[in-house]
Amino acid sequence: MDAPHLPPWLELTADPIADPTAGTVVVPGADARSRADLFGLLAQALDLPEWFGRNWDALADCLLDSDDAGPLALRVDDAEQLLADEPPAQFATLLQVCDDVWSHGRYPFRLVLRTTGERLPALRRRVAAATA
C-alpha cells in the first residue's frame, strides 16, 4: 500500500524520541486510548480553560480561541495506541479537528504521530483510513 498523502500539519515518524522543542506538547498514546483520557491529558497539558467541555467541538473552540497560545506542536508517542479503545470514527474526528485548527487557527499547528518502525505501516494505514 502506498503511503497516504498527508496534510501539511501531520507527520508520521518512527524517529527516536527527542527532547520536545518549545511549543511542543507531548502526549503518551498509551495514556490516551479513550476520548476521556485524551481530553483529560490535553486539558492538563494545554492548561485549557475550565469551560472546556471535554468533547471535540470544545477542543476545537479552545484551540482556535487561544489568543496568546502561539504555535503549537502536539506529539503523540506510541501513536498506534491513540484512541485505540474508541471506534475508528473518533480518530478521524481528531484528525478533522486538527485540520480545522491548522486551517483556521491564528498560529501554526502541527500533529506528530510517533511510533516504532515496525508499527509505522499500520499507523499509516490507520491514518489513510481516517482521512479517506
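Any value given below was found using the heavy atoms of this structure, including those in side chains, with hydrogens, waters and symmetry copies removed. Numbering starts at 1 and runs along the sequence shown.
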Task: Whether over 12 other heavy atoms sit under 6.0 Å from Gln96 CD - done: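 Enclosed: over 12 neighbouring heavy atoms sit under 6.0 Å from CD of Gln96.
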
Hey, could you give me the [atom1]/[atom2] distance between [X] and [Y], rounded to the nearest 0.5 Å?
| X | Y | atom1 | atom2 | answer |
| --- | --- | --- | --- | --- |
| Leu113 | Thr13 | CG | OG1 | 10.0 Å |
| Leu72 | Thr24 | CG | OG1 | 8.0 Å |
| Thr131 | Leu10 | OG1 | CG | 8.0 Å |

Indicate the atoms forming the closest heavy-atom contact of [X] with [Y], along with that distance.
| X | Y | result |
| --- | --- | --- |
| Cys98 | Leu111 | SG-CD2, 3.9 Å |
| Leu12 | Arg124 | CD1-CG, 3.7 Å |
| Leu48 | Cys62 | CD2-CB, 3.8 Å |
| Arg54 | Ala43 | NH2-CB, 3.8 Å |
| Leu41 | Ala32 | CD1-CB, 3.8 Å |
| Ala130 | Leu95 | CB-CD1, 3.8 Å |

Task: side-chain contact (heavy atoms from CB on, under 4.5 Å) assessment of Asp85 paired with Asp37 - done: CA-CA 10 Å; Asp85 294 341; Asp37 293 340; 5.9 Å; no

Task: Side-chain donor or acceptor of Arg35 paired with backbone N/O of Asn55 under 3.5 Å - done: no

Task: Exam field: side chain Glu11 to backbone Arg110, donor-acceptor pair closer than 3.5 Å - done: no

TODO: Specify whether Phe109 and Trp9 have parallel, tilted or perpendicular ring planes, treating 30° as the upper limit for parallel and 60° as the lower limit for perpendicular.
DONE: tilted

Open item on the list: Assigning hydrophobic clusters by single linkage (Ile, Leu, Val, Met, Phe, Trp, Tyr; side-chain heavy-atom cutoff under 4.5 Å), is Val112 placed with Val26?
Closed with: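 Different hydrophobic clusters.
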
